[in-house]
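Below is one structure, written out as structure tokens; comments come after it.
Only heavy atoms go into these numbers, but all of them, side chains included; no hydrogens, no water, no symmetry mates. In what follows, every chain begins at residue 1, and chains take the letters A, B, ... in the order their sequences are listed.
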Number of protein chains: 2
Amino acid sequence: MPQPGTRVGMARERVLQVAERLFMERGYTGVSMREIADALGIKQPALYYHAPEGKHQLYLAVLERALERHRAELHTRIAASDADLRAQLRVVVRWLLHSVPFNMARMAQIDIPALPAATAATASMLVWEALYLPIAQLFANAQARHEIRALDPTMLAGAAVALIDSLRAYDVPEEYTGPPELIGDQLIDMLLDGVLI
Amino acid sequence: MPQPGTRVGMARERVLQVAERLFMERGYTGVSMREIADALGIKQPALYYHAPEGKHQLYLAVLERALERHRAELHTRIAASDADLRAQLRVVVRWLLHSVPFNMARMAQIDIPALPAATAATASMLVWEALYLPIAQLFANAQARHEIRALDPTMLAGAAVALIDSLRAYDVPEEYTGPPELIGDQLIDMLLDGVLI
DNA sequence: GTCTATATGGTGATAGAC
DNA sequence: GTCTATCACCATATAGAC
């Protein structure tokens, strides 16, 4: 596979970068091949040189790249954090809120179902491994340390991601007060301590 | 406005019922006017007799009906439940899981943005009033009873809806274990008691 | 209330020249 | 690597007959 900077793969690299920005902002179905081409300053059919199998191939290539970067960065940040669950979750939430790109609800409900079956299965697995598994692992470890109660780590990861996702997903009329980081911390406290007095 | 059973409004009523089923299952953008017409056994242009302003008008009419029924039923069930927050949340979650229809993440991110601005604003407000407000009110009341800590009821309602929504929205490879009602109860306990030991 | 016929525009995709 | 030209298909929507 040609690398960036080798002149051979430069065009490909640029295509992936621009496509990533658009796909992550508006989703697979929300972006047309023409829009991507326009943003690149080329004509729409020229994209088929880089993704001969079509739009779904381009999307999967973009997703793979983005998820791999995400997974690596998340791993680094968790490794550098304190060993208790609250500190780890704060690191995760802050990274997810700043790096932005993944809109899980849209991906799971709109993008992935719109892909051809084989591509959808691959995409699903990639998301699971890069996004859910690392978080589920945090909960599992905390359980092994007897830090938290015996709840399914998978369910806990799903709940955590849903909460984070909801910070971006919904906008209620009278907006949440304060910056997202603050709400993120409040959600973590809520998850760990509960809301009862 | 013609009522069902008066023969005058029967066709309209049937249109709204069929359109509701499809819109709630697959969303505004996920259903075409042709599909709705096919399901009704009529031709696509005939729908424009019932919704002269087009698809968005049909969607809004459907949404209004569905939300009003939802709001009324939720109100009744909450009124009939015990007065403590856990019991009330259980009632809410069970109703949301069984009545199904609203996929909040999809509505907020896909359907509403796809509507004309004026229709979108109306839809947004209707959802807020019928879905979020009643739940936020439960939290506010619990706070007044000093049952829970002083967290923004709006944020709590958003979190609760996000958690419930996520039960339908995502399917992780190794599925959550057990029936949705059980997971629903677990999520409520998690929200109220926290996960720390 | 519903029909046929049609306008208009967007979409992903292919063929073949340069 | 990118172009032009073009295809087939789907969408919402309108006009006017019955």
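Residues B/Y48 and A/K55 both approach DNA chain C. Their nearest nucleotides, taken by heavy-atom distance, put B/Y48 toward the 5′ side. Toward the 5′ end of DNA chain D lies the nearest nucleotide of A/Y49, the other residue of the pair A/Y49 and B/E35 mapping further downstream.
As a whole-Å value, the separation of B/R26 CZ from D/dA11 P is 10 Å. B/L47 places its CG atom 11 Å from the P atom of D/dA13, with the value rounded to the nearest Å. If you take CG of A/L115 and C1' of C/dG12, they are 14 Å apart, rounded to a whole angstrom. One atom, NE2 of A/H50, and another, C1' of D/dT2, lie 8 Å apart when rounded to the nearest Å. In this structure, the OH atom of B/Y28 is 13 Å from the P atom of D/dA11, given to the nearest Å. Regarding B/M33, its CE atom lies at a distance of 14 Å from the C1' atom of C/dT2, rounded to whole Å. Going from atom CG of A/L58 over to atom P of D/dG1 covers 15 Å, rounded to whole Å. Per the geometry, CD1 belonging to B/I36 stands 14 Å off C1' belonging to D/dA13, to the nearest Å.
For A/A46, taking side-chain heavy atoms from C-beta onward, the closest of the listed nucleotides C/dA13, D/dT2, C/dC3 is D/dT2. Candidate nucleotides D/dT2, C/dA13, D/dT12 were compared by shortest atom distance to the side chain of A/I42, and D/dT2 ranks first. Distance from the side chain of A/P45 is smallest for D/dC3 among the nucleotides D/dT12, D/dC3, D/dG1.
Listed pair B/K43 / C/dC3 fails the phosphate criterion, with no side-chain N or O lying under 4.0 Å from OP1 or OP2. Distances shown here put every side-chain N or O of A/H56 at or beyond 4.0 Å from the OP1 or OP2 atom of C/dG12. Contact check, B/R34 against D/dA11: a side-chain N or O comes under 4.0 Å of OP1 or OP2.
Within 4.0 Å (heavy atoms only), A/V31 reaches sugar-phosphate atoms of the nucleic acid but no base atom.
Closest approach of B/W128 to B/T154, counting heavy atoms only: CH2-CG2, 4.1 Å.
Ring geometry for B/H70 against B/W95 counts as parallel: the plane angle stays under 30°, on a 0 to 90° scale with 60° as the upper cut.
Side-chain contact between A/T29 and B/I110 is absent, with no heavy-atom pair separated by less than 4.5 Å. With a 4.5 Å cut-off on side-chain heavy atoms, A/Y48 and A/Q44 count as touching.
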Does the pair B/M190 and A/M155 meet the rule for a side chain to side chain contact (heavy atoms under 4.5 Å, CB included), with working shown?
CA-CA 11 Å; B/M190 190 187 77; A/M155 187 198 76; 4.3 Å; yes
